[in-house]
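Structure, as structure tokens:
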Amino acid sequence: MNKIISSDRTKGIICIILSALGFALMSACVKLAGDLPNFQKVFFRNLVSAIIALYLILKHKGSFTGKKENRKILLMRSTFGTIGVILNYYAIDKLVLSDANMLNKLSPFLSVLLCAWFLKEKINKRQIVSIIIAFTGALLIIKPTFTIV
């Protein structure tokens, strides 16, 4: 049994499953939080993240601000990450939970498209097929009605 769990592939699969479970639980908690303002939910989620990050920085004697040459990109990453969390929580509040999570799972495919658009990266045939399958599957699961409520 230890031989099976010790492989990097198995550890990776377990981490992915635990990550999916964590995000599903987080989404359920956001939905169950009810009428709390979206920004309050984001604040407390980010507070927990900040405490964990503080612990890791202190444990590994790291820098609080990063290397000087990386500060601009770190600030951009933080800004866009926070915007992403705000929009994700908004979607969780306004949509059916399964639809909001399905849209969240499309982010790697959107990243490929955005990298091709903004960074001029080449998309290969496998990626194109994967993107088409992912968006088709999402359409079948979400079943958009295109009506404004």
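The figures that follow rest on heavy atoms only: side chains count, while hydrogens, waters and symmetry mates do not.
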Atom CZ of R71: over 12 foreign heavy atoms under 6.0 Å
yes
Going from CG on L56 to CD1 on I51, what distance comes out if it is rounded to the nearest 0.5 angstrom?
12.0 Å
Answer yes or no: are there more than 12 heavy-atom neighbours, outside F23 itself, under 6.0 Å from its atom CZ?
no
Can you tell which of N88, L87, L95 makes a side chain to side chain contact (heavy atoms under 4.5 Å, CB included) with L103?
L95
Counting only N and O atoms by type, is there a donor-acceptor contact under 3.5 Å from the side chain of K120 to the main-chain atoms of W117?
yes
Do L106 and Y89 belong together in a cluster built from hydrophobic side chains that touch within less than 4.5 Å?
no
Decide yes or no on side chain to side chain contact (heavy atoms under 4.5 Å, CB included) for L97 and S27, but give the supporting numbers first.
CA-CA 7 Å; L97 190 56; S27 297; 3.7 Å; yes
Do any N or O atoms from the side chain of S111 and from the backbone of S107 form a donor-acceptor pair under 3.5 angstrom?
yes
Report yes or no: do M102 and L110 belong to one cluster of Ile/Leu/Val/Met/Phe/Trp/Tyr joined by side chain heavy-atom distances under 4.5 Å?
yes
Is there a path of hydrophobic side-chain contacts, each under 4.5 Å between heavy atoms of I/L/V/M/F/W/Y residues, joining L75 to I57?
no
Would you say I132 ends up clustered with F109 if hydrophobic residues are merged whenever their side chains have heavy atoms under 4.5 Å apart, either directly or through other cluster members?
yes
Quick one: pull up OG1 in T82 and CZ in F80 and give me the separation to the nearest 0.5 Å.
11.0 Å
From I73 CD1 over to S78 OG, what is the distance, rounded to the nearest 0.5 angstrom?
11.0 Å
Over all heavy atoms of both residues, which pair between S7 and T10 is shortest? Give the atoms and the distance, please.
OG-OG1, 2.7 Å
Between the CD atom in Q40 and the CZ atom in R45, the distance rounded to the nearest 0.5 Å is 16.0 Å
Within one Ile-Leu-Val-Met-Phe-Trp-Tyr cluster: F39 and I83, side-chain cutoff 4.5 Å:
no
Say you draw a straight line from CG of L113 to CD1 of I123; how long is it, rounded to the nearest 0.5 Å?
5.0 Å
Test K41 against every option in V30, N46, I86 by the side chain to side chain contact (heavy atoms under 4.5 Å, CB included) rule and name the one that passes.
V30
Pairwise distance CG(N38) to CG(D93) - rounded to 0.5 angstrom:
5.5 Å
Are more than 12 heavy atoms, taken from residues, nucleotides or ligands other than F64, located less than 6.0 Å from that residue's CZ atom?
yes
